[in-house]
Amino acid sequence: MTTAAFDDHVRSRWAGRAQAYERSLAALCAHPAPSLLDAADVGAGTRVLDAGTGSGTVAALACARGAVVVAVDAEPSMVELARDRVPAAGEVRVAALPHLPFASGSFDAAVANFVINHVGDPLAAVIELRRVVRSAGRVAVTVWPHPQPEAQSLWGEVFAVAGVESRAAAPTVDAARDFPRTGEGLAGLLDAAGLTDVRCDTIAWAHRTDAQAWWSGPANGISRPGLVLENQPPAVLARIRAAFDEVTARYRGPDGLLALPTAALLASASVP
C-alpha cells in the first residue's frame, strides 16, 4: 500500500460526509480542542494554522481567543461547513498535509486535531507542520491511542454480540511509516520531525452523547465500524442495531444520554 493510495482511500471515506460527521463524532473530537490550543500557546494575536479543521471547531475556538486563524481541510464539504462556523476574520480553504500552500515560517503555531492518524506518512505531515511555523513557535497534535479507548472498542463487542465479522478490508499505513499510537510513540514522532521540548499527555473523559448520534456516524459510513455497516442487508443491520442497544445500555444515564469512557493523546513541542 503506497502513501498516496492510503491518503486517497481516507479522503474517499470522508467525501461528502461533513454533515454526518457534525451530527455524530464532531462533539467527541471537540473535547480536547481547548487543551490543544493551550499546548500551542494560542491566544490573542497568534497566527495559527488549523490543519485538518474538519467542521471548524478548533478554528472557531482559536478565533474566539483573538487568534489570526487559517484553517485547511482536504475535504471540500468540511471546508464548506467550517466556513459557516469560522468568523469572517478567519480564512478556510482546501489543502492537505503533507503539502501545504504556505511559505516557511508563516505561522506562530500549527495544530492538527485527530489528523495525523488519517495520513499515510505521519512523519512527513509533522515535518510539514514544523516547516510552516516560525522558529520558537509551537506545534500541537492529537491522535486516538491504541489499544482503543472503551468508547471506540465497544463496537467490537457490538459486532460480536450480533454475530457479524468486525474486520473490514481497508488499507493501513505502511509499517515503515507508521508509529506506535502510544504517548511514547507520538512523542517520538514529534522528536523525529526535529521539534524540541516535546511533551505528550493523555486526556481522558467520558463522552456524553445521544445513542442515536453515536450510532449514526458508522451508519453513515464514518470510521472503521462504518466499513462493516455499509452494504449490510437490512436484516443484518437490524441485528447489529439491537446488539448496539444492548451493549450501550450499561452506559446510559438517567437522562438517557450515554457516558462513554474515552481518551486522546496530546503532544506538543517547539520549533527550534
Side-chain angles (χ1 to χ4, degrees), residues 1 5-6 8-32 54-55 75 77-78 113-115 117-118 120 142-173 175 178 180-182 202-265:
M1 173 59 60
F6 178 86
D8 288 345
H9 168 79
V10 170
R11 290 170 193 172
S12 72
R13 297 301 307 172
W14 285 107
R17 291 190 163 102
Q19 292 293 342
Y21 167 77
E22 179 69 5
R23 292 191 299 267
S24 58
L25 299 183
L28 173 75
C29 297
H31 183 88
S55 56
E75 168 51 33
S77 68
M78 290 290 191
N113 194 37
F114 302 114
V115 176
N117 45 301
H118 288 304
T142 54
V143 301
W144 301 115
H146 188 81
Q148 288 183 315
E150 195 170 345
Q152 287 88 341
S153 64
L154 68 82
W155 279 100
E157 184 180 351
V158 169
F159 293 131
V161 170
V164 173
E165 173 58 59
S166 62
R167 289 174 296 181
T172 58
V173 176
D178 207 358
R181 307 307 169 93
T182 62
T202 298
I203 301 173
W205 74 100
H207 176 56
R208 291 179 56 78
T209 183
D210 178 78
Q212 181 57 33
W214 196 245
W215 167 264
S216 71
N220 282 283
I222 294 175
S223 72
R224 284 188 176 271
L227 285 170
V228 179
L229 288 179
E230 69 180 7
N231 300 321
Q232 295 282 5
V236 175
L237 275 178
R239 196 167 76 237
I240 296 172
R241 180 57 199 250
F244 172 87
D245 291 338
E246 176 185 337
V247 169
T248 58
R250 64 180 181 264
Y251 300 102
R252 188 173 293 112
D255 60 0
L257 295 178
L258 306 180
L260 303 171
T262 191
L265 300 175

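A quick note: this is a predicted structure, and the numbers were derived from the prediction, not measured. For the numbers below, each heavy atom of this structure counts, side chains included, while hydrogens, waters and symmetry mates do not.
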Look up atom CD in E75 and atom OG in S55, then write down how far apart they are to the nearest 0.5 Å. 12.0 Å
Distance, nearest 0.5 Å, that separates CG of N113 from NE2 of H31: 11.0 Å
Ignoring hydrogens and angles, tell me if any N or O in the side chain of R17 forms a donor-acceptor pair with the backbone of R13 under 3.5 Å. yes
Counting distance only, does the side-chain N/O of E150 pair as donor-acceptor with the main-chain N or O of L260 below 3.5 Å? no
Quick one: pull up CD in Q148 and CH2 in W155 and give me the separation to the nearest 0.5 Å. 12.0 Å
Between S77 and Q19, do the side chains contain a donor N or O and an acceptor N or O under 3.5 Å apart? no
Can you confirm whether L154 sits close enough to Y251 that some side-chain heavy atom of one is under 4.5 Å from a side-chain heavy atom of the other? yes
Nearest 0.5 Å, what's the CD1-CZ distance between I222 and R23? 8.5 Å
Side chain to side chain, L28 and T209, heavy atoms closer than 4.5 Å: no
Can you tell me if R181 uses its side chain to pair, donor with acceptor, with the backbone of W144 under 3.5 Å? no
Using the six-membered ring wherever Trp is involved, compare the ring planes of W14 and Y21 and label them parallel, tilted or perpendicular (cut-offs 30° and 60°). perpendicular
Closest heavy-atom contact between V161 and E246? CG1-OE1, 3.7 Å
Distance from W214 atom CH2 to Q152 atom CD, nearest 0.5 Å? 5.0 Å
When you compare the side chain of T202 with that of L265, does any pair of heavy atoms fall below 4.5 Å? yes
Output the distance between atom CG (L229) and atom CG (N220), rounded to the nearest 0.5 Å. 10.0 Å
Considering all heavy atoms, the nearest S24-A213 contact: CB-O, 3.3 Å
Work out which heavy atom in F6 is nearest to a heavy atom in P171; give both atom names and the distance. CE1-O, 3.6 Å
